[in-house]
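The chain is numbered in sequence order, starting from 1. Values below: all heavy atoms of this structure, side chains included; hydrogens, waters and symmetry mates excluded.
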Amino acid sequence: MNKTLLSTAFVATLGALALVPAAHAAANSGTIQINGKVVADTCKLNVNGTQNGTVTLPTVTTATLNAAAGTTAGATAFNLSLSGCDASATAASLNFTTGSNNASDGNLTNTGTAGANVEVQLLNGGIGGSVINVGTNANAPSNVALTSGASGNIAMAAQYYTKATSVTAGSVSTSATVTFSYQ
């Protein structure tokens with residue numbers, strides 16, 4: 001009889017302990033709601049009115065760029081326009097993709113003959129705007145409102161940047177690849 005009572009008490013204790021983690025887990029549970037949107041089409045990107053357009057910086061002298069590390073020159077405004085966007089998209093954010101033209105300091109590397117000590121910075125907001133870090137997308141345009149007709153405009157600028165004061169005469173060339181995300 002004692003054996004039966006002891007076994008019954010042991011089983012009851014184990015059963016009660018088995019319920020403790022379940023009760024504890026129920027107190028720390030929750031629901032994650034996930035929402036999204038599918039659009040029929042993406043926007044068309046134009047640079048100064050031309051698809052895959054080119055921005056030409058003015059010619060500057062080596063003396064200007066070699067004045068000091070961190071010197072900027074030749075700021076040139078350009079406009080990115082989005083058109084043909086899905087009518088349900090209300091805003092777009094610009095993201096630079098990682099590529100061989102992304103310098104470690106967030107600027108664009110020069111692939112022209114003027115050497116690696118001259119880079120190109122992109123500015124959000126046009127001349128005098130915020131310098132965009134193309135590696136981290138810091139200061140990249142975000143939440144660009146897409147107005148009626150599903151289009152939007154982004155004021156940008158590009159300028160030379162002196163990485164070190166040994167810039168040589170030659171060409172400057174670079175490019176950036178961007179993608180857009182939509183809200």
Side-chain angles (χ1 to χ4, degrees), residues 35-60 65 69-147 149-164 166-183:
N35 298 319
K37 181 190 279 187
V38 176
V39 296
D41 200 4
T42 59
C43 301
K44 183 179 358 174
L45 173 66
N46 288 319
V47 179
N48 289 335
T50 304
Q51 189 171 12
N52 297 321
T54 299
V55 176
T56 302
L57 299 178
T59 301
V60 297
L65 294 177
T71 297
T72 60
T76 302
F78 62 97
N79 188 52
L80 298 179
S81 61
L82 303 173
S83 62
C85 305
D86 187 278
S88 67
T90 57
S93 295
L94 185 147
N95 298 295
F96 291 90
T97 58
T98 303
S100 60
N101 286 344
N102 294 15
S104 61
D105 59 5
N107 296 324
L108 296 170
T109 59
N110 175 30
T111 59
T113 59
N117 289 325
V118 61
E119 297 177 338
V120 174
Q121 289 182 325
L122 294 177
L123 308 173
N124 180 9
I127 295 173
S130 302
V131 175
I132 298 170
N133 183 318
V134 297
T136 65
N137 285 303
N139 296 323
S142 61
N143 295 320
V144 176
L146 299 175
T147 58
S151 63
N153 291 303
I154 304 168
M156 301 275 296
Q159 63 187 9
Y160 299 106
Y161 174 83
T162 303
K163 182 176 174 183
S166 54
V167 175
T168 58
S171 64
V172 174
S173 181
T174 192
S175 63
T177 302
V178 296
T179 60
F180 287 90
S181 57
Y182 304 97
Q183 291 91 37

Point-to-point distance, once rounded to the nearest 0.5 Å, from [atom1] of [X] to [atom2] of [Y]:
{"X": "Leu45", "Y": "Ser81", "atom1": "CG", "atom2": "OG", "value": "7.0 Å"}
{"X": "Tyr182", "Y": "Leu82", "atom1": "OH", "atom2": "CG", "value": "6.5 Å"}
{"X": "Asn133", "Y": "Asn107", "atom1": "CG", "atom2": "CG", "value": "7.5 Å"}
{"X": "Leu123", "Y": "Met156", "atom1": "CG", "atom2": "CE", "value": "8.0 Å"}
{"X": "Leu94", "Y": "Asn143", "atom1": "CG", "atom2": "CG", "value": "12.0 Å"}

Check your understanding: Under 4.5 Å between any side-chain heavy atoms of Val144 and Ser93, yes or no?
Key ->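 Contact flag for Val144/Ser93 side chains = no.
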Check your understanding: Do Val178 and Asn95 have side-chain heavy atoms sitting under 4.5 Å apart?
Key ->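 No. Closest side-chain heavy atoms not under 4.5 Å.
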Tell me whether [X] contacts the main-chain N or O of [Y] through its side chain, where contact means a donor paired with an acceptor under 3.5 Å.
{"X": "Asn137", "Y": "Phe96", "answer": "yes"}
{"X": "Asn48", "Y": "Asn79", "answer": "yes"}
{"X": "Thr177", "Y": "Thr97", "answer": "no"}
{"X": "Asn124", "Y": "Asn139", "answer": "yes"}

Please name all residues satisfying side chain to side chain contact (heavy atoms under 4.5 Å, CB included) with [X], sequence neighbours left out, ordered by chain then number.
{"X": "Val172", "value": "Asn110, Ala114, Val118, Val120, Tyr160"}
{"X": "Thr72", "value": "Gln121, Gln159, Tyr161"}
{"X": "Ala91", "value": "Gln183"}
{"X": "Ala73", "value": "Val60, Thr64, Leu65"}

Do you know which two heavy atoms are closest between [X] and [Y], and how far apart they sit?
{"X": "Thr98", "Y": "Asn102", "result": "CA-ND2, 3.6 Å"}
{"X": "Gly126", "Y": "Ala157", "result": "C-CB, 3.4 Å"}
{"X": "Ser83", "Y": "Asn46", "result": "OG-ND2, 4.1 Å"}
{"X": "Ala103", "Y": "Thr109", "result": "CB-CG2, 3.5 Å"}
{"X": "Ser171", "Y": "Thr113", "result": "N-OG1, 2.8 Å"}
{"X": "Asn117", "Y": "Val167", "result": "O-CG2, 3.6 Å"}

Point to revise | Audit row: Leu122, Val131, side-chain contact (heavy atoms from CB on, under 4.5 Å) steps and yes/no | key: CA-CA 6 Å; Leu122 294 177; Val131 175; over 6 Å; no
Exercise for review: Take Thr111 and Thr174, measure what side chain to side chain donor-acceptor pair (under 3.5 Å) needs, and give me the verdict at the end.
Suggested key: CA-CA 6 Å; Thr111 59; Thr174 192; 5.7 Å; no
**Study point:** Partners passing side chain to side chain donor-acceptor pair (under 3.5 Å) against Asn101 (at least two apart in sequence or in another chain)
**Key:**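 For Asn101, the residues satisfying side chain to side chain donor-acceptor pair (under 3.5 Å) (neighbours in sequence not counted) are Ser175.
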Donor-acceptor list for residues 50-59 side chains, cut-off 3.5 Å, not counting sequence neighbours:
none

